[in-house]
Amino acid sequence: MSASATSAVLERFLRYARYDTQSDERSSTYPSTGKQLVLLQDLVTELQAVGLADAAIDEHGYVMATVPPTTPKPHVPTIGFIAHVDTSPELTGAGVTPIVHRHYDGRDLVLPDDPAVVLRLADNPALADQMGHDVVTASGTTLLGADDKAGVAEIVTAAAYLVAHPEVPHGPVRIAFTPDEEIGRGTAHFDVSRFGARCAYTMDGGSRGEVESESFSADAMTVTFHGFNTHPGYAKGRLVNAMKVAADFIQRLPDHILSPETTEGHEGFVHPYVLEGGVDRTVVKLLIRDFRTAGLREKEAMIDRLARTAASLRPGARVETTIVESYRNMKEVLDRHPEAIAHAHEAVRRAGLQVRTRSIRGGTDGSRLSFMGLPTPNLFAGEHNFHSRLEWVSAQDMEKAVDVIVHLCRVWEEASPA
Ligand SMILES: [Zn+2]
């Protein structure tokens with residue numbers, strides 16, 4: 001694609017980065033913060049200006065639009081591209097000042113608003129792939145918001161390219177921009193049937209070439225220990241301290257294995273992350289993660305067993321456990337739609353990149369959408385150091401992501417019968 005596409009996607013990204021679109025998990029409104037609507041509304045205007053006549057925002061803040069088909073073939077499936085506009089509540093998104101470090105050559109990138117914040121090649125091996133590229137960072141006190149405004153900029157730029165190049169054959173292409181992904185609510189009101197796509201791709205991944213079609217399966221587990229409280233001066237033989245039972249339980253949890261701090265790759269884990277309570281009642285909350293849903297059951301049975309063991313050793317103590325499903329490995333759905341992955345690999349190769357497959361040690365909106373009936377793998381957007389003051393993205397990776405989107409639209413068209 002032409003050099004002007006580079007500047008177009010970079011220009012858009014730099015513009016979007018300045019909007020404060022932080023979401024807020026404590027909010028009970030939808031979207032969680034009104035400020036996300038400012039960017040979402042401006043995106044409607046911009047999509048209309050580049051020629052997507054039906055671009056509109058709904059009452060929940062979802063922006064949807066269509067690139068009309070150019071193919072003469074009657075049955076090319078509709079595909080979609082999705083990105084989220086919100087940024088993480090973990091770090092401020094106000095006053096983001098993006099800085100373009102031209103022609104990166106391995107030098108330390110010192111971020112001027114806090115000179116202690118330095119992006120170093122030694123700590124960021126992925127920067128080795130960026131020699132000669134233009135690396136964008138924030139200024140040292142905020143996140144950058146490449147997660148996921150890089151994805152937003154790539155989709156808008158690809159849509160503008162397709163509209164301006166009707167000679168590129170493709171089927172109907174749907175676009176959606178969503179709020180509140182970072183707080184796990186990005187799909188809460190997503191209308192899959194209105195979106196109307198056979199499959200979709202979230203543009204929300206890392207290094208160029210990445211295609212992610214697998215995520216964790218995840219449950220949340222709550223273990224509640226009940227003791228018995230009475231005046232400690234007259235408690236002999238009567239008081240049962242739920243905190244001590246909980247401490248015994250936590251001591252029994254796997255530590256050198258099956259923990260976030262000791263696992264990587266395809267290994268799952270159990271992770272106690274909240275401990276609260278007192279003598280009468282103490283609650284331990286745990287995250288359960290595994291790539292196999294059956295593996296969740298095994299881990300939950302183990303947790304249940306350890307909790308009962310701890311309680312049984314203190315007469316008078318009781319325990320109960322509850323499990324709530326969080327999300328499931330999207331591979332279970334995507335295995336039934338192999339063309340969605342195969343076409344993504346082909347598009348990455350046509351963009352001159354090597355395909356990298358990766359399993360997400362977490363969930364994405366795509367994990368949820370896949371189970372809502374819209375198979376949705378995740379493609380690279382060029383994001384690095386998510387939710388950090390050292391977040392960065394390169395202009396050239398964003399340009400490659402635009403290429404991949406355009407190729408993907410072509411590949412789906414070519415694969416359809418005439
Ligand atoms: Zn994201």
Side-chain angles (χ1 to χ4, degrees), residues 9 12-13 16-17 19-25 31-33 35-36 39-40 43 61-63 80-93 96 98 126 136-138 142-158 175-190 200-216 218 326-327 330 344 356 358-370 372 374 376-394 397-398 400-402 404-405:
V9 70
R12 286 196 172 93
F13 173 69
Y16 304 154
Y19 287 73
D20 177 1
T21 55
Q22 191 178 41
S23 50
D24 179 2
E25 58 220 325
S32 65
T33 54
K35 55 195 177 184
Q36 296 177 71
L39 175 54
L40 287 160
L43 285 167
Y62 290 78
V63 171
F81 294 92
I82 301 170
H84 65 91
V85 299
D86 65 314
T87 63
S88 170
E90 292 170 48
L91 203 61
T92 183
V96 174
V136 187
T137 66
T142 67
L143 48 64
L144 175 64
D147 172 13
D148 184 21
K149 289 166 184 167
V152 177
E154 290 153 7
I155 293 170
V156 176
T157 304
I175 285 170
F177 298 127
T178 63
D180 286 347
E181 190 267 359
E182 297 288 359
I183 57 171
R185 299 178 204 162
T187 61
H189 299 282
F190 194 101
Y201 301 88
T202 47
M203 300 299 298
D204 195 16
S207 299
R208 59 178 180 268
E210 270 177 15
V211 177
E212 298 174 316
S213 56
E214 192 170 11
S215 63
F216 268 147
S326 301
Y327 53 85
M330 60 176 151
R356 308 186 208 202
R358 225 175 56 116
S359 303
I360 308 169
R361 290 180 61 81
T364 65
D365 273 356
S367 323
R368 294 183 180 84
L369 288 170
S370 293
M372 289 161 68
L374 181 64
T376 307
N378 187 39
L379 304 183
F380 75 96
E383 305 158 23
H384 293 276
N385 295 342
F386 299 71
H387 310 177
S388 163
R389 294 194 289 170
L390 289 172
E391 194 184 358
W392 62 271
V393 66
S394 89
D397 283 4
M398 289 194 287
K400 280 296 184 188
V402 174
V404 168
I405 295 171

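By convention here, the first residue in the shown sequence is residue 1. Just so you know, ligand 1 is whichever comes first in the structure, and atom 1 is the first atom listed for that ligand. Just so it is clear, the model here is predicted, and its values are computed rather than measured.
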With salt bridge (Lys or Arg N to Asp or Glu O under 4.0 Å) as the criterion, how do Glu210 and Arg358 come out once you've worked through the C-alpha distance, each side chain's angles and the decisive distance to 0.1 Å? CA-CA 7 Å; Glu210 270 177 15; Arg358 225 175 56 116; 3.5 Å; yes
The atom of His84 among N, O or S that is nearest the Zn ion (ligand 1) is NE2
min-distance N/O/S atom, Asp147 vs the Zn ion (ligand 1), resolves to OD1
So, 2.8 Å as the limit: is an N/O/S atom of Asp204 located closer than that to the Zn ion (ligand 1)?
yes
Query raised in the report: Hey, what's the ring geometry for His384 with Trp392, parallel, tilted or perpendicular (30° and 60° as the breaks)?
Result: parallel
_Strictly distance-based, threshold 3.5 Å: is any side-chain N or O of Thr92 a donor or acceptor partner for the main-chain N or O of Thr142?_
no
Do side-chain atoms of Asp86 reach the backbone of Glu181 as a donor and acceptor pair under 3.5 angstrom?
yes
